[in-house]
Amino acid sequence: MTIASNVKTTLATLKDIEAQLSALALNSLDEEAKRVFHETALTFEHVKKDIQSRVYELERQEPQYKG
C-alpha cells in the first residue's frame, strides 16, 4: 500500500468518525454529551481538512496518485 492510499484511507476513516460523532450529538438526550460529541466532531473536521490538504499535495507532487 502506498503512502497516498494510506492517507486516503485515513481520510475516509476520519469522515466516517466525524459523521458518527455528529449523529451521536443529534441523538443524545444528555446536553453535556451533545456538547462533547459536537465539539469532538468539530475537532475531527479540522483534522480532516488538514489530511485533505495533504492528499491534494500528494496528488500534485505525484500525479499517478490522483483519483
**Q** Can you give the donor-acceptor pairs under 3.5 Å from side chains of residues 40-49 to other protein atoms, not counting sequence neighbours?
**A**
unit_1 : atom_1 : unit_2 : atom_2 : d
T40    : OG1    : V36    : O      : 2.8
T43    : OG1    : E39    : O      : 3.1
K48    : NZ     : E18    : OE1    : 2.8

**Q** What residues form a side chain to side chain contact (heavy atoms under 4.5 Å, CB included) with A33, not counting sequence neighbours?
**A**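 S28, D30, F37.
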**Q** Before accepting this row, confirm whether a basic side-chain N of the pair E32/R35 lies closer than 4.0 Å to the acidic partner's carboxylate O.
**A**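 Yes, E32 and R35 are salt-bridged.
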**Q** Quick check for you: to the nearest 0.5 Å, what is the distance between D50 atom CG and L14 atom CG?
**A**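 Result: 10.0 Å between the selected atoms.
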**Q** Among all residues two or more places apart in sequence or in another chain, which pass the side chain to side chain contact (heavy atoms under 4.5 Å, CB included) test with Q52?
**A**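 For Q52 the side chain to side chain contact (heavy atoms under 4.5 Å, CB included) partners, ignoring immediate neighbours, are L11, K15, V55, Y56.
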**Q** State which residues pass side-chain hydrogen bond (donor to acceptor under 3.5 Å, both in side chains) with D16; sequence neighbours excluded, sorted by chain then number.
**A**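 side-chain hydrogen bond (donor to acceptor under 3.5 Å, both in side chains) list for D16, sorted by chain: Q20.
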**Q** Run the side chain to side chain donor-acceptor pair (under 3.5 Å) check on T13 and T10 step by step: do they pass?
**A** CA-CA 5 Å; T13 302; T10 300; over 6 Å; no
**Q** side-chain hydrogen bond (donor to acceptor under 3.5 Å, both in side chains) with E31: which residues, sequence neighbours excluded?
**A**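 Once residues adjacent in sequence are excluded, E31 has no partner under the side-chain hydrogen bond (donor to acceptor under 3.5 Å, both in side chains) criterion.
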**Q** Please identify each residue that fulfils side chain to side chain contact (heavy atoms under 4.5 Å, CB included) with N27, with sequence neighbours left out.
**A**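 Side chain to side chain contact (heavy atoms under 4.5 Å, CB included) list for N27, sorted by chain: A23.
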**Q** State the CG-NE2 distance between L26 and H38, to the nearest 0.5 angstrom.
**A**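 One finds 9.5 Å between CG of L26 and NE2 of H38.
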